[in-house]
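What you are looking at is a predicted structure, and each value in this text was computed from that prediction instead of being measured. The sequence lines fix the lettering, A, B, ..., with proteins before strands; numbering per chain opens at 1.
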Amino acid sequence: MRYSNCFVPTLRDVPADAEVISHQLLLRAGYIRRVTSGVYDYLPLALRVLRRVEAVIREEMERAGAQELLMPMVQPTELWQKSERLAKYGPELLRFKDRHGHESCLGPTHEEVICDLMSRELRSYKQLPINLYQIQNKFRDEIRPRFGLMRGREFVMKDAYSFHVDDESLMAEYKNMFDAYTRIFTRLGLHFRAVEADTGSIGGSDSHEFHVLADSGEDLIAHCDSCDYAANVEKAIATRDMAAGSAAALGELATPKLTTAEEVAAFVGVEPGLLIKTLVYRVAGGEMDGQVIAACVRGDDQLQDVKLMHLLQADAIDMATDEEIENIGGITGFIGPVGLNAPVYLDSSLAKTGGMVAGSNKRDVHLIGLDVERDINQAHFADLRETRAGDRCSCGGKMALSRGIEVGQVFALGRRYTEPMEVLFQNQQGRREVATMGCYGIGVSRLMAAVVEQCHDQGGIAWPDILAPFKVVLISMGKSEAVRIASMDLYTQLQAAGIEVLWDERNERPGVKFKDAELIGIPVQIVIGDRGLKEGKAEFGRRGSERRELPLLELMSATISELAGNSGASL
RNA sequence: CGGGACGUAGCGCAGUCUGGUAGCGCACACGGCUGGGGGCCGUGUGGUCGGAGGUUCGAAUCCUCUCGUCCCGACCA
């Protein structure tokens, strides 16, 4: 491709509304443009990169035995009623009516559609197991799209769905997909980590997320420094040395205007870990819909609300209003687990503790000497605290926290969808059975952004060879006929060899060409100019390091061997 | 939706407080000088100042409403 024919609108300044580096660089380097909130144009360079990401994904999915298909982006809303997911997923579904008044939605994911298909076509156990996948645009009406491609409303996703006769077969495929994902992210040159995950709105039992490690990541993941344990903090379980209180009789203590855990602890003269922090939530969805409940963690812990949500089997939990708190007999700022007219859930670290300090549900008064077993009736215990750096893993190692960008997730769904969607088959005994199911997603467009987050420098994007939109940039320096002819010659040879080359034959100054080449991130640079040409030489080098002089005749072989070691299967 | 910031040329910004003919840099077009890391000189093109309404002799500037963008929270590939 000749640069002068290439649509690559690079920007010198960083657009003011781009916050994260991938967003900034993809805009500056002419890869993407915003159309509307969370919706982007993928310009030619971006599309070339996306196609490469997809190629790796396709290769590995096919190798893992999955088959590609393509489902529609428009889905009838009835399917979501049938799967009983409308209430939970509702707000993210972009719904609309057609001219007949029939309600449809834009597909945010395709469990419903694939189950509908399978329910029609699946007859016999002999058809199982099967794994079907697609690469397609999804639309989720996100509450807050942000960070460019990292959280768009429309985005490209690879989604795969597998169906099985039993859970043993499902778990084998789950493992198979886990391994395929590991190969994909490895081939893409990413620094990533697979972690145990909450199943979120998708549902099901087992789940792992794949995170690209980057400080700009939206997720927090906890991992052990001495064993393999790693989990999203929404799920991570760990322990730490908990302060133990000394047994004492239950008493009251005046604590005027002291409402935060730190203030109360300082006033009473105990460490914050001996406080019980009580939070009141209103449950939305599930069997407890509308109920107000209280949850307790230690004063120096944070409540992990996803854990609580899961425990309650709720779609959402919201902080209760002052009025709702009063209705259950509490006072904002002095809420405690004793005598509250609501279910109380305590973090397991509070089990069997004594000598604790907690709110009394009376203004300006806290309880001291509280013994959880003795003084709280009907307490439910569960893991509710958020893991912190330095906590202890069950293996004895220390937990550390890192930021991650979630680029993939695998789920063992079980019969969460196949049951309501009636995906049935006849088993060997001729009886009808519900199939069991897994689903596996990769955020393809997000992956492109995640790679940029991990692969960039001062000059711009530093694509790994396998993803670069062009492998080689050929920079012609100077306007002489000799330069033009030598460049043209090499350009033709590279193309003939199937190496994707961007020939910068623009009438621009050298600085501009170098800056653009580095900004858009082409791995190999070849410079042909009058200076070297006199001696029959040109410059050859990798983006970001020194170029060396090479005879013109050696450029082809140098390029081929430079790319051979790094670009995987294709040049 | 709650909290904050902001909308002035393709991009980055000044001007708004204190109302008085809409500016700067880059980009873009043309000419010239240049020619190995976003070069220099000159001449130009381009903006209903997000939109609507109001106050005023006069509004980018003041007031009201509205639309949009970005950041923090709930969501998630």
Side-chain angles (χ1 to χ4, degrees), chain A residues 9-20 23-24 27-28 30 33-34 36-38 57 88-93 108-110 135-160 181 197-202 207 209-212 217-219 232 234 281 284 305-306 309 315-319 404-411 439-450 458-460 475-480 483 506-519 525 527-533 538-539 547:
Chain A
T10 58
L11 301 171
R12 184 179 288 208
D13 298 309
V14 180
D17 51 9
E19 179 81 1
V20 300
H23 190 195
Q24 292 177 354
L27 284 169
R28 276 193 61 210
R33 289 294 185 263
R34 196 185 73 95
T36 183
S37 177
I57 292 173
K88 174 125 196 169
Y89 223 114
E92 295 211 351
L93 279 180
T109 177
H110 281 65
I135 296 177
Q136 182 216 37
N137 281 27
K138 296 285 186 274
F139 192 95
R140 294 184 187 172
D141 201 359
E142 292 281 346
I143 301 163
R144 179 148 96 91
R146 59 178 153 179
F147 301 156
L149 258 34
M150 294 270 246
R151 178 173 299 284
R153 293 197 297 166
E154 181 169 330
F155 58 98
V156 182
M157 176 162 138
K158 188 284 303 181
D159 45 326
Y181 276 31
D198 182 74
T199 48
S201 59
I202 302 276
S207 182
E209 291 166 346
F210 289 79
H211 286 267
V212 168
E218 293 184 87
D219 287 274
N232 195 307
E234 293 173 352
Y281 291 93
D305 44 9
V306 172
M309 219 163 87
D315 292 341
I317 49 172
D318 299 302
M319 294 294 280
I405 302 164
E406 187 194 343
V407 291
Q409 188 163 13
V410 293
F411 298 87
C439 75
Y440 320 91
I442 291 179
V444 179
S445 44
R446 176 184 284 181
L447 198 45
M448 177 160 79
Q458 280 290 308
I475 297 178
S476 292
M477 199 78 85
K479 287 188 290 193
S480 76
V483 165
R506 292 177 300 170
N507 184 18
E508 287 288 351
R509 297 180 65 87
V512 173
K513 296 190 180 191
F514 284 123
K515 291 287 184 195
D516 276 337
E518 272 156 32
L519 181 58
Q525 300 178 345
V527 182
I528 294 182
D530 287 313
R531 211 166 64 185
L533 214 49
E539 288 161 44
R547 289 183 298 273

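Taking atom P in both C72(B) and U66(B), one finds a spacing of 26 Å when rounded to whole Å. Nucleotides U18(B) and A60(B) are separated by 15 Å at their C1' atoms, to the nearest Å. Comparing A27(B) with G38(B), their C1' atoms are spaced 11 Å from each other, to the whole Å. Between the C1' atoms of A5(B) and G39(B), the separation comes to 38 Å (whole Å). When the P atom is compared between A14(B) and C57(B), the two are found 32 Å apart, to the nearest whole Å. Of the P atoms belonging to G20(B) and C11(B), the separation is 27 Å, rounded to the nearest Å. Atom P of G54(B) sits at a distance of 36 Å from the matching atom of C71(B), rounded to the whole Å. Using P as the reference atom, G7(B) and U61(B) are 12 Å apart when rounded to the nearest Å.
Asp318(A) comes within 4.0 angstrom of nothing in the nucleic acid, heavy atoms only. In this structure, Phe147(A) reaches the sugar-phosphate backbone alone: every heavy-atom distance under 4.0 Å involves primed, P, OP1 or OP2 atoms, never a base. Within 4.0 Å (heavy atoms only), Gly152(A) reaches at least one base atom of the nucleic acid. Within the nucleic acid shown, Ser37(A) comes within 4.0 Å of sugar-phosphate atoms alone, with no base atom in reach, counting heavy atoms only. Across all strands, Arg28(A) comes closer than 4.0 Å to base atoms (heavy-atom distances). Looking at heavy-atom distances under 4.0 Å, Asp516(A) makes contact with a base.
In this structure a side-chain-to-backbone donor-acceptor pair under 3.5 Å is missing from Arg140(A) to Leu93(A).
Ranking A77(B), A74(B), U69(B) by closeness to the Phe411(A) side chain, first place goes to A77(B). When each of G12(B), A74(B), C76(B) is scored by its nearest atom to the side-chain atoms of Ala16(A), the top-ranked nucleotide is G12(B). Listed nucleotides A77(B), G12(B), C75(B) differ in distance to Pro15(A); the shortest reach to its side chain belongs to G12(B). The nucleotide whose nearest atom lies closest to any side-chain atom of Arg140(A) is, among C72(B), A77(B), G38(B), A77(B).
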Exercise for the section: Let me have a per-nucleotide readout for nucleotides 42-47 of chain B, 5' to 3', with B, S or -, counting only protein heavy atoms under 4.0 Å. Expected result: ------
Completion exercise
In 5'-to-3' order, the base (B), backbone-only (S) or no-contact (-) status of each nucleotide in nucleotides 25-37 of chain B, using a 4.0 angstrom heavy-atom cut-off, is BSS------BBBB
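Asp141(A) pairs by the side-chain hydrogen bond (donor to acceptor under 3.5 Å, both in side chains) definition with Arg153(A), not counting sequence neighbours. In this structure, the salt bridge (Lys or Arg N to Asp or Glu O under 4.0 Å) partners of Arg151(A), at least two apart in sequence or on a different chain, are Glu142(A), Glu218(A).
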Taking N or O atoms only and anything under 3.5 Å, show me the protein contacts with nucleotides 2-5 of chain B, one pair per line.
none

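The partner of G46(B) is absent, by the rule that a Watson-Crick or G-U pair needs both atom distances under 3.5 Å. Under the Watson-Crick or G-U wobble criterion, with both distances below 3.5 Å, A22(B) has no partner in any strand shown. Pairing for C70(B) is with G4(B), a Watson-Crick or G-U wobble pair whose two hydrogen-bonding atom distances lie under 3.5 Å.
Residue Arg151(A) has no polar side-chain atom (N or O) positioned under 4.0 Å from OP1 or OP2 of A77(B).
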Name the atoms and distances for all side-chain donor-acceptor pairs under 3.5 Å in residues 10-20 of chain A, with sequence neighbours left out.
unit_1   : atom_1 : unit_2    : atom_2 : d
Thr10(A) : OG1    : Asp516(A) : OD1    : 3.1

